[in-house]
Amino acid sequence: MELLKRLFGGKEKQTEEVYEITTSKGVLRLWLERDLQQDPDPKVEEYWIETLDVSEDARWLLVGRRYGLFQFYDWRGRLHRLPARPPAQVVSEILFKENFLILITPPYLVVYRIEDPENPSTWKSFKLSQEGIRPSMGLDLMRGVLAFGVVGNRVYAIDVGEDLSLQRVEFKSSFSVSEVGELKAIKFLTPSKLFITGTEGSAIYSLSGNLLKKFPYRAGRAVALINGRLILGEEAKIIVLDAYTEEELYKIDVPLKVSQLDGDPEGLFVFLADAEENHLGILDLQTTQYLQTLEGFGYSVVKVSKDGYIYTSRWLQDKDRKLYQLVKLGSNLVDFIYPKDRQEKVLKQAEKAYKEFVSKVQKAKDLSQLEDLNSLKEIAGLDIPLRRIRELYFEAEELLKKKRLELFLEQIREKVQRGTAGQRELKEIEEWLRNADGEEFEKLSKAKEELERELKNRLTRALEELKVALEGKESQDLEELEAEEEVKNFRELLSTLPRELSREGEQSLQRLLQEKVISYRLKRFKITTTEDRVFFGREDFPKFSGERRRLSWRLKVEEKLIIGGEIYAKIAFEREDGVLLEPKRYSNLLPVKELKSMPKWVRSYLRHLRGLFSYEPYRLPLFVSYEETPWFVYNLERFVSMVKDQLSFGEGILILEGDAGVGKNFLVEVFSALTNRPLYIIPCHSKMEKEDLTYTYEFDPKKGTKRVFSDLIKALQTPGAVIYLDEINTLPPALVKLFNPLFDYRRYLVMPTGEVIRARSDVILVGGMNPQHYLGVSELPQDIKSRADVMFVDYPPFEDSRGFFHPDEALILKDYVSSLSELSNEEFVYLWYALINQVETPQAQRLINPTRESHIYLLFDLLKIANRIRKAYRDYQSQRSEEPVEFVFSIRDTIRCARRLERYNSAQRVVIETILPKVSSPLEREILKNIIESA
């Protein structure tokens with residue numbers, strides 16, 4: 001009895017009843033085990049057990065119930081999850097064999113490769129579902145060849161031994177088994193022979209499909225191959241065949257209807273499951289005697305494990321329903337197979353190996369010392385399936401697991417203290433947690449919480465340090481800020497953090513950088529004026545003093561006449577600006593010969609006129625209302641920088657290139673107004689001639705039409721003038737040559753009369769044009785390109801590459817929305833970033849209210865539509881799209897739409913009502929409508 005206690009765990013089993021059956025080998029003892037874990041699904045027992053099987057090492061039990069329900073137990077009776085559970089409505093066959101777990105779950109065949117018998121999560125699976133092949137029942141495996149039955153009473157054989165993935169299924173054979181009726185079971189006799197049972201009989205087939213021998217036995221699923229003997233159950237009869245000679249050895253009548261049977265590996269006893277009642281029959285194969293019928297269990301299925309446990313089923317009537325329970329019977333079968341002295345010897349060997357293992361584990365200082373412990377392998381390699389050996393192995397595993405957990409947690413704590421723990425360590429903890437429970441789960445959860453808290457604190461500290469480091473950094477470009485070493489170091493820290501924390505840190509970083517950009521842009525891009533200067537961002541420019549050009553007079557000969565045979569000249573006095581004055585007290589006719597030495601009165605007249613201090617009237621720049629947005633000030637800053645170069649070096653022209661409606665002219669007008677400079681806008685076109693640029697004609701009621709200098713000529717001689725040549729790229733080639741000396745270092749223009757007009761040194765030359773690569777746009781002539789600076793002017797920025805939306809154009813529009821017009825630019829910018837970009841700041845929180853929020857979203861929708869139409873226009877003009885969009889959505893148009901936003905309360909409706917009527921092409925209108933409605 002003491003030996004039995006040691007063999008079976010050193011304690012008495014809790015049993016309902018012990019069955020003692022006298023056999024030819026001694027007393028066979030059976031008892032009901034109570035260690036099967038209750039399935040958490042309370043309804044699972046309402047479905048009967050279709051099939052079950054135990055792994056060859058007796059570690060795992062898989063039970064398949066009706067409607068595709070599975071129960072997966074380890075040898076201790078604990079429930080586990082079936083790896084990669086297959087989709088199934090029915091489970092008809094389960095087979096553990098040769099490191100495989102194979103299931104037939106019609107219409108699928110599922111094959112698992114058992115990589116690590118201790119860890120089902122490592123088992124790789126493959127699901128076979130092929131057109132025309134519907135696995136149904138019958139399953140066996142030998143030397144990597146799998147045979148299974150399919151609908152249509154056929155057998156297929158495939159090789160699963162080599163191709164782990166089974167990505168290519170090669171059928172070794174396929175044949176019909178109609179001779180046995182409906183196929184029920186398959187057993188390999190040899191690698192080339194199959195024994196197949198059915199509803200009409202049994203037969204032996206070659207693997208190639210030849211019928212070798214037929215039997216009249218209708219065994220159904222009651223068939224087992226045990227120690228060279230083929231055992232069949234037919235109704236209330238057992239038939240035993242020699243598996244090698246294929247001859248019948250004997251038949252035995254039994255007092256129950258056999259549905260399934262199984263026996264111990266040595267073939268000493270066979271256990272019979274009743275097809276209808278809770279009866280378990282026991283047969284002694286050594287004496288061919290039927291021993292006993294045990295009542296209360298044994299219904300339908302039975303399986304004998306290598307470690308001596310018998311698994312079967314029973315049904316219980318519970319009110320108006322039946323419950324089908326799994327039953328585990330303990331036995332002393334191992335005592336019949338292994339002598340007591342051998343059991344004691346193996347057990348001592350196992351206990352010795354266990355003590356050595358415990359000693360090594362307790363001395364281990366790090367995880368590497370727990371790898372490949374030979375004493376654990378020695379316990380696992382003992383071939384006697386004694387429960388005590390299993391328990392020793394289990395205790396060793398638990399000890400190893402606890403020690404590994406202890407060392408692992410200690411390692412994590414050390415890394416946390418050193419500040420080197422990060423995402424990798426957190427993932428390692430999560431890996432441990434997947435297979436942890438109880439106290440181990442609590443310890444790991446606590447370690448995870450501590451590590452997450454430390455990582456959160458580390459992120460908070462790093463963010464505060466970054467804020468301090470960036471205090472002195474200023475930039476309007478996120479990429480410049482992100483190139484800072486401190487930001488790179490912060491990003492390196494983020495790469496070590498868990499995904500969620502890293503994402504949170506990235507969002508905080510983006511908010512911080514955006515706040516820096518917002519603050520910098522508001523502070524950096526401002527226009528300020530002093531008494532004598534204007535500051536455009538970082539560029540300053542002097543205000544024009546208002547100097548006027550003094551106009552001088554000269555004698556002009558208008559025509560020559562012959563009077564009395566003498567040549568006379570008709571004279572007048574002409575001012576520089578083309579004003580003519582005829583003498584009043586003296587005749588305007590003089591002999592030509594007197595002009596060689598100018599008469600005294602003429603000299604006196606000229607002296608008098610020149611002494612009148614005639615000045616050209618000063619052209620006051622018009623007042624221009626503008627919105628001081630960062631985008632606009634930045635463009636003015638670039639403009640001023642290039643203008644200063646032009647004035648410093650006394651050569652060149654600044655060309656503004658950009659879409660129609662981006663504000664090129666407006667840029668020049670604001671500069672002119674702020675610096676107090678007269679502005680001359682000269683429209684250019686392809687039909688212009690030289691005279692158009694040099695002279696114009698005026699009508700004098702007294703003298704009729706007269707020719708005077710053009711605005712261009714006047715502007716070149718006007719102090720501080722800004723000359724804007726609009727659409728300069730459309731000039732005819734002949735006129736381009738005329739401008740060459742004006743745009744280079746010479747700075748003069750040659751008149752048709754040959755007179756040279758020099759530009760004053762303080763005159764500013766600017767040109768404007770649409771993008772050169774657009775359809776129908778003339779390219780800027782090379783002569784002008786070589787003498788010019790080109791500045792591209794774009795629409796106000798809207799969306800950047802990171803998905804942030806800029807408020808520049810919205811700043812222009814806000815004054816046309818009542819609830820937003822009362823906000824300062826700074827207040828609006830912070831409110832915009834909080835609502836549109838989720839960059840929350842204390843300033844924004846104070847300003848948010850439902851009306852402002854609604855109106856900012858309306859502006860956002862309007863700008864989103866405008867920018868999509870602008871993109872479609874550019875794509876068509878640059879030939880990246882074939883959809884004809886020629887409408888230019890200018891800033892003037894967005895202003896017009898913004899005025900009506902509150903009235904319509906819909907950006908889409910405003911744009912449709914305001915913009916579409918301007919488009920003449922029906923096709924283009926439809927395209928624009930689709931863009932508007934999809935925005």
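Position 1 is the first residue of the sequence; numbering continues from there.
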Under a 4.5 Å cut-off applied to non-hydrogen side-chain atoms, are [X] and [Y] in contact?
{"X": "E727", "Y": "P683", "result": "no"}
{"X": "E827", "Y": "E822", "result": "no"}
{"X": "D540", "Y": "T530", "result": "no"}
{"X": "V602", "Y": "F573", "result": "yes"}
{"X": "R760", "Y": "T718", "result": "no"}
{"X": "L820", "Y": "L859", "result": "yes"}
{"X": "F739", "Y": "I728", "result": "no"}
{"X": "L716", "Y": "Y748", "result": "no"}

Considering all heavy atoms, the nearest [X]-[Y] contact:
{"X": "N770", "Y": "E657", "answer": "O-CG, 4.0 Å"}
{"X": "I655", "Y": "A788", "answer": "CG1-CB, 3.6 Å"}
{"X": "F792", "Y": "G658", "answer": "CE1-CA, 4.1 Å"}
{"X": "L862", "Y": "A907", "answer": "N-CB, 3.6 Å"}
{"X": "N635", "Y": "M791", "answer": "O-CE, 3.1 Å"}
{"X": "K918", "Y": "D893", "answer": "NZ-OD1, 2.5 Å"}

Checking [X] side chain against [Y] main chain: does a donor-acceptor pair fall under 3.5 Å?
{"X": "S821", "Y": "S818", "answer": "yes"}
{"X": "E628", "Y": "I527", "answer": "yes"}
{"X": "T914", "Y": "V911", "answer": "no"}
{"X": "Q717", "Y": "I713", "answer": "yes"}
{"X": "Y833", "Y": "A844", "answer": "no"}
{"X": "R925", "Y": "L916", "answer": "no"}
{"X": "S672", "Y": "R677", "answer": "yes"}
{"X": "R868", "Y": "S934", "answer": "yes"}

query: Would D875 and V885 satisfy side-chain contact (heavy atoms from CB on, under 4.5 Å), going step by step from the backbone distance to the final call?
result: CA-CA 9 Å; D875 287 346; V885 176; over 6 Å; no
Is atom [atom1] of [X] surrounded by more than 12 heavy atoms (other residues, nucleotides or ligands) closer than 6.0 Å?
{"X": "E882", "atom1": "CD", "value": "no"}
{"X": "R892", "atom1": "CZ", "value": "no"}
{"X": "K560", "atom1": "NZ", "value": "no"}
{"X": "K929", "atom1": "NZ", "value": "no"}
{"X": "K871", "atom1": "NZ", "value": "no"}

field: R909 and D861 ion-paired at < 4.0 Å
entry: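 Salt bridge between R909 and D861, a charged N being under 4.0 Å from a carboxylate O: no.
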query: Is E637 paired with R524 through a side-chain N to carboxylate O contact shorter than 4.0 Å?
result: yes
So, taking the atom named [atom1] in [X] and the one named [atom2] in [Y], what distance separates them when rounded to the nearest 0.5 Å?
{"X": "R880", "Y": "R874", "atom1": "CZ", "atom2": "CZ", "answer": "9.0 Å"}
{"X": "E799", "Y": "L863", "atom1": "CD", "atom2": "CG", "answer": "12.0 Å"}
{"X": "S819", "Y": "I856", "atom1": "OG", "atom2": "CD1", "answer": "8.0 Å"}
{"X": "L738", "Y": "L731", "atom1": "CG", "atom2": "CG", "answer": "9.5 Å"}
{"X": "N825", "Y": "L811", "atom1": "CG", "atom2": "CG", "answer": "5.0 Å"}
{"X": "L742", "Y": "R787", "atom1": "CG", "atom2": "CZ", "answer": "10.5 Å"}

- prompt: Is there a side-chain contact (heavy atoms from CB on, under 4.5 Å) between T529 and K543 once you walk through the steps?
  reply: CA-CA 9 Å; T529 61; K543 286 183 179 179; 4.2 Å; yes
Aromatic plane relationship, F671 with F536 - under 30° parallel, 30 to 60° tilted, over 60° perpendicular: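 F536 vs F671 ring planes: tilted.
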- request: Pick out which of K864, R870, K814 makes a salt bridge (charged side-chain N to carboxylate O under 4.0 Å, His left out) with E809.
  value: R870
query: Is it true that the side chains of N665 and Y724 contain a donor and an acceptor less than 3.5 Å apart?
result: yes
- request: Starting from the C-alpha separation in whole Å, work towards a yes-or-no answer on side-chain contact (heavy atoms from CB on, under 4.5 Å) for L749 and L712.
  value: CA-CA 10 Å; L749 202 62; L712 175 60; 4.0 Å; yes
task: Apply side-chain contact (heavy atoms from CB on, under 4.5 Å) to R900 and R896, showing your working.
output: CA-CA 7 Å; R900 302 167 181 170; R896 190 170 288 106; 3.9 Å; yes
query: Taking F798 as the fixed residue, which of W631, F805, F889 is the one that meets the ring-ring contact (aromatic ring centres under 6.0 Å, His included) rule?
result: F805
